[in-house]
Amino acid sequence: MNKNNKTMKAVVWDGPFKVSLKEVEKPSPEKKEVLIKTKAVGICGSDLEIYDGRFKQSTPPLIIGHEGGGIVEDVGDSVTKVNKGDRVIVECLLYCGECENCRKGLYNLCFNHKVIGMIGHDGEYAEYFVAPEQNVHNLPENISWEEAGLIDTLAGPVAGIEKTNIHLGQTVVVYGPGPAGLFFCKLAKLRGAGKTYLVGTRDSRLALGEKYGADVILNAKRDNVEEYILKDTNGRGVDLVIEAAGSHEALNSGMQVIKKGGELLIYGVFGGGPVPVDIQPIQINELVIKGLNGSPFKYPDTINLISKKMINVKDVISHTFKIEQLPDLFSSGFIANRKENYMKGVVLFD
Ligand SMILES: [Zn+2]
Ligand SMILES: [Zn+2]
């Protein structure tokens, strides 16, 4: 490859099952944009959905990657709050600021949204990337680049738990012991939950539950989850169920263990189309169902939680990689099939 300071290495998606490392033009910042020299990017399940074509809103060619940050290399003429040399993390959601929802502060529901590395804007699996100044947050020195790659993963659950009505002493079930589910357990405890149940099917992941505040850990392959939780709550059920698995089995199980008038938060991604769900409990028990998309306004709080050591994000990182490894990680199924107990990967740059 012919390397000069006008080009850079980037992972480009050229349509379903086609990703490769390419030498592409280095971007330059527009007026209100910041150019960042990439240091770390978290690998997200959405990357896999783009890779195999399930995520229909992505159009090739596209540089993917959307959970990253780095060091500010250059700023556009109108940038005022970010300076060259700052260590920053970038929120991937791009909003217009002018539509009906944006004007109500519902930026994550912007009618004209784009997403860095996903929809209409090149991403971060590249030596450099650009982002609007309004998406850039400064990183405290005590957050490592590896940890920075988990900020987006934590910001979603931070927004999610705050959207619920969880009160002191209440009971919570979290389905899905992935990074988000584990974070939900810990955050529920930080919000004062009295008892948390963590439900999953992979022992290697469930094993982290205790560290993240799960009082009861259930493996749906072995344990009768509904029976256990109903008995443990004297037949009442729990106050809040968080679905962070994206599985209809989990969703159906969750509907059976919520108390009458209880709450269900859907955080898992159900990307594969309609799923069979018994919706009768919603009507009979007047369940309150909420969804969450993204992490509106939660980056600063999330950065604080990590910086003040209120939650450990490092323990869910199973692998770190270099950008050169990415195309093979997608095409070999390493991530999709969670080889070597893959849980969460962060791509680190020199
Ligand atoms: Zn993501
Ligand atoms: Zn908008």
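In each ligand, atom 1 is the first atom listed, and ligand 1 is the first ligand listed.
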Could you tell me if the side chain of D86 sits less than 4.5 Å from the side chain of I71, heavy atoms only?
no
Measure the shortest side-chain to side-chain distance between Y125 and V41 over non-hydrogen atoms and say whether it is less than 4.5 angstrom.
yes
Measuring to the Zn ion (ligand 2), does C110 have an N/O/S atom at a distance below 2.8 Å?
yes
Answer yes or no: is there an ion pair linking K6 with E25, defined by an N-O contact shorter than 4.0 Å?
no
Salt-bridge contact D232-K195 (side-chain N to carboxylate O under 4.0 Å)
yes
Once rounded to 10 degrees, what value does the angle at the Zn ion (ligand 2) take between SG (C96) and SG (C102)?
120°
The Zn ion (ligand 1) and C92: any N/O/S contact shorter than 2.8 Å?
no
Hey, is there an N, O or S on D152 sitting under 2.8 Å from the Zn ion (ligand 1)?
no
Should the pair Y107 and Y95 be assigned to parallel (<30°), tilted (30 to 60°) or perpendicular (>60°) ring geometry?
tilted
To 10 degrees, how wide is the angle NE2 (H66) to the Zn ion (ligand 1) to SG (C44)?
100°
Of all the N, O or S atoms in E67, which one sits nearest to the Zn ion (ligand 1)?
OE2
